[in-house]
Amino acid sequence: MAAPSSPATPMTPVLIHLLRGASDLASIAATHAKLFKSGAASTLSTSNHLLAAYCRCGAMTLARDLFDGMRDRDVVSWTTLMSGYTAAARPREAISLLRGMEFSGVRPNVVTFSTAACACARLADAGLGRQVHARAEVAGRAFDAVVATALVDMYGKAGCVGDARAVFDVMAAPARSAVSWGAMLAVYAQNALGSEAIQLFAKLRTCGTGVAPNHFMLSSVLSACAGAVRLGVGRCVHGTVLRLGHGSNQVVAVALVDMYSKCGRYNYSRKVFDRIERPSVIPYTSIIVAAAKYGLWRSALTLFDDMVKEGVQPNDVSLLGVMHACSHSGLVDTGLQLLCSMQSKYGIAPRPSHYTCAVDMLGRAGRLEEAFELAKEAQIEGNDALLLWNSLLSACRTHKRLDLAIMAGQRVSEFNQDVFMAGQRVSEFNQDVAGGLVVMSNVYASAGQAVKASAVRSNMRLRGIRKNPGCSWIEVKDTPYVFYAGSVSCAGARADDAMGAGARADEVMVLLDELECKMREKGYTGRLGSARVSDGDEDDGEEGKGVMVGVHSEILALGFGLLVVPKGMTIRVMKNLRMCSDCHEVFKLISDIVQREFVVRDLNRFHHFKMGSCSCNDYW
DNA sequence: TTAGGGTTAG
């Protein structure tokens with residue numbers, strides 16, 4: 001729309017005011033027409049207002065047309081459009097505008113650099129982000145508080161935590177606002193560095209920074225506690241949330257729901273959820289996923305129904321949560337119905353994760369042929385395919401179907417070749433590739449084909465693929481104690497280890513020996529010191545020195561827990577892999593022998609052992 | 001006087 005050039009009229013301020021308050025395209029276009037008629041639309045200031053209004057409502061084509069038709073453009077015009085593209089999830093166009101404006105001789109300012117850093121954060125592209133950082137430094141703008149904070153966020157989103165911290169550290173203390181602290185805490189929480197987030201939060205509180213924790217920081221720290229399973233710290237943070245009056249913030253409440261759930265306290269999660277007023281899709285999904293992990297399928301399905309009745313539109317994550325609940329409870333047909341109807345009923349197209357969940361569900365239930373057919377039909381590729389076929393492979397091992405395992409194993413190797421051929425970094429997929437190969441090796445071993453099992457292992461060694469070791473840990477008096485298969489010494493605990501996990505290794509072994517004898521009296525036929533390699537995900541191959549050879553990490557954690565956790569208190573063990581059936585049996589028997597309750601959180605879910613049985617009813 | 005920084009479910 002080319003406007004006749006004319007100065008602003010007396011009506012212009014009124015129209016600009018209307019424009020600033022408008023959020024829908026129709027009223028913006030109407031005001032634009034009036035400004036055009038009055039002849040004021042062509043001034044730089046009015047054009048910038050119009051540009052901002054179009055960007056605000058996401059009308060990027062109109063914004064771009066207006067921008068292209070402008071006779072003059074200043075730094076505000078360029079930056080407004082950049083910001084619009086970033087908000088509209090088109091960050092590449094924002095970055096290309098940065099180049100365009102420099103080419104046109106318009107100098108970027110602090111707002112431009114922070115917007116550009118934000119665009120790079122969206123792209124999670126550290127290479128591009130470094131270029132923006134360098135240009136900001138050359139222009140002398142990198143130390144601006146907002147630019148620096150945007151750079152912290154950018155490096156964090158791109159996974160470069162060290163660079164984020166370096167930018168944060170060089171910021172002068174007064175420049176470090178609540179937003180800067182919040183950004184750095186989020187960087188740690190989002191990059192699975194829970195302990196670092198907790199330490200930084202403690203520093204904020206104790207170093208006289210004068211910055212009060214706000215809801216951004218609290219939700220990040222709670223998320224860090226959830227990820228690192230630090231219930232003690234999480235509870236303290238909950239206290240801070242209540243004291244500072246952030247209890248009614250929905251994002252903080254979701255972080256609390258998730259923290260309690262991941263730390264093994266579903267009841268607290270549920271209490272926090274029940275106090276949320278008009279929960280949106282994320283709180284609902286959070287509690288549904290929690291219920292699913294605890295095997296509470298009735299609760300998960302009821303919550304899902306409640307959500308739909310309340311008019312809250314479920315999304316792909318909510319549906320995945322309900323499907324997981326079905327999967328962990330053997331409700332295979334209900335789960336499959338959800339998969340089939342999610343597009344027609346809720347308008348959500350199934351994603352690879354939904355197919356993987358359905359294959360897993362069929363596999364657990366022993367319906368392996370159907371699982372195989374579904375896996376083929378899903379036509380998923382790349383790393384998603386690796387996860388899907390690994391899941392089927394795992395089910396074949398559980399149900400001892402070597403024939404199907406070999407076919408699934410072929411698919412896994414095809415995809416893992418593809419993954420390597422595609423030039424992906426080895427570390428990126430290493431654990432998925434390694435997981436599949438370990439299971440394949442275990443399938444062969446359990447079918448008595450030792451030569452093939454060892455060939456898979458040799459192949460892994462040749463290609464430099466190694467699976468991260470399985471470990472378990474328990475938190476005692478706010479300190480985590482970590483155990484690895486075959487070793488009672490514990491990593492991760494404080495140097496002044498008050499409980500003496502290492503020093504008490506002999507006591508743990510004596511106790512486990514005694515318990516093993518008592519388990520035999522109850523009919524246990526396995527051996528704690530030779531956990532079956534083929535049964536679990538834990539890679540016993542190269543672990544184990546001394547007397548505890550082969551003992552899985554969760555058993556060691558339990559032994560230690562029995563020594564140090566007072567009688568009457570539940571012993572809570574966390575594990576980074578799926579619990580094997582042998583250990584599951586051992587936990588059931590010991591809960592009966594010592595008359596205590598144990599909760600184990602494995603890779604997929606929680607198991608609550610009490611009086612010789614488990615909440616999962618042996619189905620997981 | 002129009003443009004800029006951090007949070008929650010998988």
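Letters A, B, ... mirror the listed sequences (proteins, then strands); counts begin at 1.
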Exercise. Salt bridge or not for A:Arg130 and A:Asp163, using N-O below 4.0 Å?
Worked result: yes
Exercise. Within 45 degrees of the axis of the six-membered ring of A:Phe67 and under 6.0 Å from its centre: does A:Arg73 put its NZ or CZ there?
Worked result: yes
Exercise. Does A:Arg605 make a cation-pi contact with A:Tyr294 (under 6.0 Å, within 45 degrees of the axis)?
Worked result: no
Looking at every strand, decide which applies to [X] at a 4.0 Å heavy-atom threshold: base, sugar-phosphate, or nothing.
X	result
A:Ala117	nothing
A:His49	sugar-phosphate
A:Asn249	nothing
A:Val110	base
A:Val289	sugar-phosphate
A:Arg176	nothing
A:Asn315	base
A:Thr80	sugar-phosphate
A:Ala148	nothing
A:Thr112	nothing
A:Ser180	base

Exercise. Mind checking what makes ring pair (Phe, Tyr, Trp, His ring centres under 6.0 Å) contact with A:Phe143, not counting sequence neighbours?
Worked result: none
Exercise. First and last nucleotide of DNA chain B touching chain A, 5' to 3', heavy-atom cut-off 4.0 Å?
Worked result: B:dT1 to B:dG10
Problem set entry | Ring centre gap for A:Tyr54 and A:His32 strictly below 6.0 Å | yes
N/O donor to acceptor pairs below 3.5 angstrom from side-chain atoms of residues 194-206 of chain A, sequence neighbours left out:
| unit_1 | atom_1 | unit_2 | atom_2 | d |
| --- | --- | --- | --- | --- |
| A:Thr206 | OG1 | A:Ala202 | O | 2.7 |

Exercise. Taking atom types as modelled, is there a side-chain donor on A:Ser83 or A:Thr115 under 3.5 Å from an acceptor on the other?
Worked result: no
